[in-house]
J.: 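Right, I'll just put the structure down here and ask away after.
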Amino acid sequence: MITLKTPAEIELMRQSGRILAKALETVMKSARPGMSTLDLDVLAEDAIREQGAEPAFKGYQGFPATICCSLNEELIHGIPSKSRILQEGDLVSIDLGAKYKGFFSDMADTFFLGDKAPDLVKKLLLVGKNALRTAIETVRPGITLGDLGYSIQSYVESEGFCVVRKFVGHGIGKSLHEAPEVPNYGRPGQGLVLKEGMTIAIEPMVTVESPDVKILNDGWTVVSADKKPCVHFEHTVLIKNKGAEILTLG
Ligand code: MG
């Protein structure tokens, strides 16, 4: 069921989103070569709990941690581990969620660890970020999910990259994942019409040569089928009367 949020619910989602954005900022500022991905997870969990919220991913369908931390050719759902050590030159993707007073927020960011990103990685990061921004700028009541997906797909493909189809964005609110599904591809004019008061997580995933992905034997980690680096960016967004408000801002 697609829910329209009341102003009071929206305010709680805004607070949930703010907590989450601050937690992610803490993690990204702290990330250094030599730290483990589990170190990042502990930082994130502490930052979320210190602000009175709970990690949303921990225990979700059995996921064991607060963040998903995915490196290089890993796209999403990487499991933090004590033995996974960050190295200079890693492309680091962090996805996390919070629950605050019953309301969820969800966001992701990808960054290069080090000073000299290869040109391909620089371009991937730029295109992934712009894809999310383009999508958010496209959002307003009256457009369809097809319009939204098309805005992402047409931009990413015009830059010579691919959008992943197997994983999509989603409605969010009293549950982490609500209807509708929010694909990163689509045809203009098709699909559900967006309405004021809906809250959705928009999360483009951009790959280099193939839009295909594989799930590793741990049952969680999703990697690019082309084994090239890939990026993931996500915000939780409110549809307002004239456009979108990003709820996951610090
Ligand atoms: Mg999400």
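In each ligand, atom 1 is the first atom listed, and ligand 1 is the first ligand listed.
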J.: Please work out the angle at the Mg ion (ligand 1) defined by atom OD2 of D106 on one side and atom NE2 of H170 on the other, rounded to 10°.
T.: 80°
J.: Between S16 and S105, do the side chains contain an N or O donor and an N or O acceptor separated by less than 3.5 Å?
T.: yes
J.: Working to the nearest 0.5 Å, report the span between CZ of R133 and CZ of F233.
T.: 12.0 Å
J.: At a threshold of 2.8 Å, where the distance has to be below it, does the Mg ion (ligand 1) have an N, O or S atom of H177 nearby?
T.: no
J.: Examine K228 relative to F161 and say whether NZ or CZ is less than 6.0 Å from the centre of the six-membered ring and inside a 45° cone about the ring axis.
T.: no
J.: What's the atom name of the N, O or S in E234 nearest to the Mg ion (ligand 1)?
T.: OE2
J.: Closest N/O/S atom of E203 to the Mg ion (ligand 1), by atom name?
T.: OE2
J.: Between the side chains of H235 and T248, is a donor N or O closer than 3.5 angstrom to an acceptor N or O?
T.: yes
